[in-house]
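The structure under discussion appears below in the form of structure tokens.
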Amino acid sequence: MPRIVVIGGGAAGSALVGELLRPGRPTEADIVWLVGQRAPGRGIAYSTSADHHLLNVRAAGMGLFVDDIGAFLRYTAARGLPVKGADFVPRSWFGDFVESSLARLVSESRRPGRLSVQSHEAVAVRGDATSGYTVTTEDGERWRADAVVLAVGALPPAPLAAVAPEALRSGAYVTDPWQWPTLAQAPERVVVVGTGLTAVDVLLSASTLWPHAQLTAISRHGQLPRTHASHPGEPYPHQQELIDAFEAEPRIRAWLRTARTTLADEDVDWRAVVDGLRGATPGLWRQLDGTERARFVRHLRWLWEPMRHRMPPQTATAIARLRTQGRLKIVAARVLAVSGEGPLDVRIRPRGGEIQRSLTADLVIQATGLTTLAEQTSHRLIGQMIAEDVVRPDRLGLGLCADAQGRLRGADGGAAPTLRAIGTLLRGALWECSGLPEIRAMARVIADDLARELAAPGRRRLGAVTTGTPADDGKRHRGFDADRDSSHSGH
Ligand SMILES: Cc1cc2nc3c(=O)[nH]c(=O)nc-3n(C[C@H](O)[C@H](O)[C@H](O)COP(=O)(O)OP(=O)(O)OC[C@H]3O[C@@H](n4cnc5c(N)ncnc54)[C@H](O)[C@@H]3O)c2cc1C
């Protein structure tokens with residue numbers, strides 16, 4: 001039986017494992033799912049229990065599978081939750097839905113033991129498509145694999161270069177916006193670096209946790225995400241012509257000119273235009289050469305991201321209320337230095353000005369969005385794979401080099417058919433890759449491709465695991481029945 005090892009237990013790993021388990025897949029394969037320490041199914045985005053952390057996609061669009069987009073809405077209806085398709089609901093509900101979908105698929109899966117869910121972190125992947133791969137976990141276990149899929153999400157954030165070592169050591173500077181320290185005292189002055197969706201999440205949590213704190217959010221352009229309309233609008237009627245125009249001249253300057261002309265018409269709903277570009281984005285991105293991609297990242301990203309990654313109206317109202325109450329300031333500035341041992345001194349240069357000024361903060365939280373810079377990452381697995389030329393980092397710091405189907409490129413530049421990535425690591429290959437709609441589409445592509453690859457006549461079946469410590473039952477994840485029944489064969 002061929003073996004597929006899926007690394008990462010967030011929504012991307014779930015969508016892929018779900019696809020692989022679905023009835024009707026032409027190829028049987030054992031699936032080893034290495035989920036790390038988090039419970040499988042939720043990942044970063046859907047682990048939150050805060051009701052103010054809402055999905056930024058309407059409920060009607062949040063199915064886990066590409067051919068069953070309405071499944072989440074049916075799930076909420078079956079539980080008597082008052083959800084309409086156009087609503088933005090708490091992310092934790094979606095996490096519940098993913099968990100329950102997986103549990104059902106596992107229990108319906110025909111053969112017990114087909115899926116083995118392991119609470120291990122993968123720390124190394126070695127090998128190649130011809131001889132197969134070996135995946136090593138942090139406790140030294142090794143799994144031989146015919147195919148490996150990296151579903152590890154965004155990379156761990158690294159502190160901004162402007163942060164002094166003593167500020168980092170002080171504990172008053174938080175590098176990971178999803179992991180806050182327990183503080184002895186509620187902070188009175190909180191600075192959030194970033195003003196995108198991650199920062200908005202952080203600001204809402206901080207305002208709830210510390211109702212008396214003064215919050216300041218800083219980014220170079222000081223732009224909050226734009227707001228979704230309360231109801232979905234009509235599609236832009238000339239979308240295809242717009243995409244054709246972009247394709248005809250794949251240069252950023254030309255795209256900007258065309259977009260400006262289009263949006264200058266007051267009858268055109270900019271949201272419809274932006275949303276209509278979403279599906280075409282990977283194709284358009286791949287038409288740009290390296291120079292044009294770099295130009296987009298440098299000059300246009302700041303403009304595109306707040307329009308594309310919008311916040312729900314309820315979230316916008318909550319943020320506006322904080323600003324009206326004087327509890328939140330948004331500052332357009334560059335962070336020059338963060339120093340001190342608490343309180344911290346945050347030195348900034350406001351946008352368009354020369355004069356620097358300082359803010360004093362009891363707590364600084366870095367919330368600059370999804371990290372994709374793979375070179376010198378502290379992610380152990382990705383670091384190893386780059387160091388040993390199994391994969392290559394994207395030149396613009398946008399994840400790993402890959403083709404449009406998530407096949408990862410090694411040192412020789414070839415795309416490996418059985419070494420894939422799904423999710424944020426594909427930013428450089430596709431640009432649009434992190435949201436659930438793109439993730440579920442990629443999950444289908446990879447599951448179909450691997451079924452074909454592994455069923456190919458003459459394909460050598462890999463033997464059992466080469467070496468390894470005895471199976472550690474304590475490390476198997478207890479969430480799914482099939483896991484308990486797993487024979488753990490191959491060890
Ligand atoms: C706060 C937030 C809100 C979002 N809201 C939405 C939304 O409303 N709608 C939408 O479509 N998209 C949303 N997104 C986009 C989001 O990226 C995707 O929807 C999805 O959650 C990404 O899942 P993932 O599995 O790729 O990544 P993650 O959720 O980061 O999961 C990756 C998992 O892999 C594990 N892992 C990492 N390395 C290893 C290793 N070496 N071994 C084993 N396990 C490992 C991690 O611990 C983690 O559990 C949101 C993203 C964030 C951050």
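We count ligands from 1, going down the list as the structure has it; atoms in each ligand are counted the same way. This structure is a prediction, so every number in the text was calculated from the model and none was measured.
- In the vicinity of Ile439, heavy-atom distances shorter than 4.0 Å reach the ligand 1 atoms 18 (C), 20 (C), 22 (C).
- Under 4.0 angstrom from ligand 1, the non-hydrogen atoms of Arg38 all belong to its side chain.
- Taking the six-membered ring where tryptophan is involved, the planes of Tyr75 and Phe72 are essentially parallel, since the angle between them stays under 30° and well short of 60°.
- The ligand atoms of ligand 1 that sit less than 4.0 angstrom from a heavy atom of Ser434 are 15 (C), 16 (C), 17 (O), 18 (C), 19 (O).
- Defined by atom type and a distance below 3.5 Å, a donor-acceptor pair is present between the side-chain atoms of Ser131 and Asp128.
- In summary, the side chains of Gln118 and Ser116 do present a donor paired with an acceptor at a separation below 3.5 Å, with no hydrogens or angles considered.
- Within the 4.0 Å heavy-atom criterion, the part of His120 lying near ligand 1 is the backbone and not the side chain.
- Taking the six-membered ring where tryptophan is involved, the planes of Trp210 and Trp180 are essentially parallel, since the angle between them stays under 30° and well short of 60°.
- Between the side chains of His53 and Ser92, no donor N or O sits under 3.5 Å from an acceptor N or O.
- The backbone N or O of Val202 sits nowhere less than 3.5 Å from a side-chain atom of Ser205 that would complete a donor-acceptor pair.
- Looking at ligand 1, you'll find an N or O of Ala122 within less than 3.5 Å of one of its N or O atoms.
- Contacts between Ser14 and ligand 1, counted as non-hydrogen atom pairs separated by less than 4.0 Å, are absent for every part of the residue.
- Among the atoms of Leu436, some N or O lies under 3.5 angstrom from an N or O of ligand 1.
- Neither the backbone nor the side chain of Leu197 has any atom closer than 4.0 Å to an atom of ligand 1 (non-hydrogen atoms only).
- Taking distance alone, with nitrogen or oxygen atoms compared against 3.5 Å, Asn56 approaches ligand 1 more closely than that limit.
- Within the 4.0 Å heavy-atom shell around ligand 1 one finds Trp178.
- Residue Met62 approaches ligand 1 through these ligand atoms, each under 4.0 Å from one of its heavy atoms: 9 (N).
- Every atom of ligand 1 is numbered from 1 in the order shown, and the set under 4.0 Å from a heavy atom of Val152 is 32 (C), 34 (O), 37 (C), 38 (N), 39 (C).
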